Every structure is written in structure tokens, then in C-alpha cells.
Amino acid sequence: MTIKILELLTQAMQSHYRILVSRSQTRPIADLYSFNLSDPIPLFPLPLRPEDPEVIVDLRTIITDLYEQLGYDYFIDYRNPLPVPWEMADVAPFVNLNGDEG
């Protein structure tokens, strides 16, 4: 039954990304955080053990820091065709195809 509900929600809620937070003590109830490529990644609570306080995860900062530390901008060629499911309209605000700095 839970899988059918999740399938219905997935069909009704269109977004590029979703984060599902499921706490063992409240299953099958869970929190769903959906967002698109152009939206900031939402902060979300990460459950640990039931007796521990939840930590707030700032996934956007983690990804940005990894991107900068690992130098992805040096070996990813953004002029290549985009992988599915991205369309140019989705990524255009983030990509400078002219090769200019800034």
C-alpha cells in the first residue's frame, strides 16, 4: 500500500529532484522535499538514532564545496550535449556557452 501511495505522489508531483526523509518511529509517514534544478536545494533534517537530535543538512553547501575542492569546472565540458533529462532551458541560467569569464 505504501508503494502505491508513493507512486501516486510521484506522478502528481513533478520535480527534478526529491529528498525523502523517513523516520523509523513514524513510518510509513515521511517528509518529502521536492525541488527543481533552478531552485535552491532545501535544508532538511537528517534523523539519527531516535534518542539523538536530528541534524539539519545543507546539501547545497556540501555539493558546492565538493565541486570547488575537486575542480569539476576544469574537466567537465559544458558545451557537450546535456544528459537526459536536462533540457537547455533548465540549465541555461547556469551555463555560459560563450566561454567568457563571469
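All figures in this text were calculated on a predicted structure; none of them were measured in a lab.
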**Prompt:** Which heavy atom of S22 sits nearest a heavy atom of P47, and at what distance?
**Reply:** O-CG, 4.3 Å
**Message:** Just so I know, are the side chains of L43 and V57 near enough to count as touching, which here means a heavy-atom distance under 4.5 Å?
**Reply:**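 A side-chain contact under 4.5 Å is absent here.
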**Message:** Are R23 and P50 packed together at the side-chain level, in the sense that at least one heavy-atom pair is separated by less than 4.5 angstrom?
**Reply:** no
Rounded to the nearest 0.5 Å, what separates atom [atom1] in [X] from atom [atom2] in [Y]?
{"X": "I63", "Y": "T61", "atom1": "CD1", "atom2": "OG1", "result": "9.5 Å"}
{"X": "R49", "Y": "Q25", "atom1": "CZ", "atom2": "CD", "result": "13.0 Å"}
{"X": "S15", "Y": "R18", "atom1": "OG", "atom2": "CZ", "result": "4.0 Å"}

**Request:** Assess whether side-chain contact (heavy atoms from CB on, under 4.5 Å) is satisfied between I62 and R60, documenting all intermediate values.
**Result:** CA-CA 5 Å; I62 293 169; R60 180 180 185 180; over 6 Å; no
**Prompt:** More than 12 heavy atoms of other residues, nucleotides or ligands under 6.0 Å from CD1 of I29: is that the case?
**Reply:** no
**Request:** May I have the step-by-step check of side-chain contact (heavy atoms from CB on, under 4.5 Å) for L48 and V55, ending in yes or no?
**Result:** CA-CA 8 Å; L48 303 171; V55 294; 4.1 Å; yes
**Request:** Give the cluster check for L46 versus I56: same hydrophobic cluster or not, with ILVMFWY residues linked at side-chain heavy-atom distances below 4.5 Å.
**Result:**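 No, L46 does not connect to I56 through the hydrophobic network.
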**Item:** Residue list, side chain to side chain contact (heavy atoms under 4.5 Å, CB included) with S38, at least two apart or on another chain
**Value:** N36, F94
**Item:** side chain to side chain contact (heavy atoms under 4.5 Å, CB included) partners of I19, counting only residues at least two apart
**Value:**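 In terms of side chain to side chain contact (heavy atoms under 4.5 Å, CB included), with neighbours along the sequence ignored, I19 is linked to V21, Y33, F35, I41, F44, L59.
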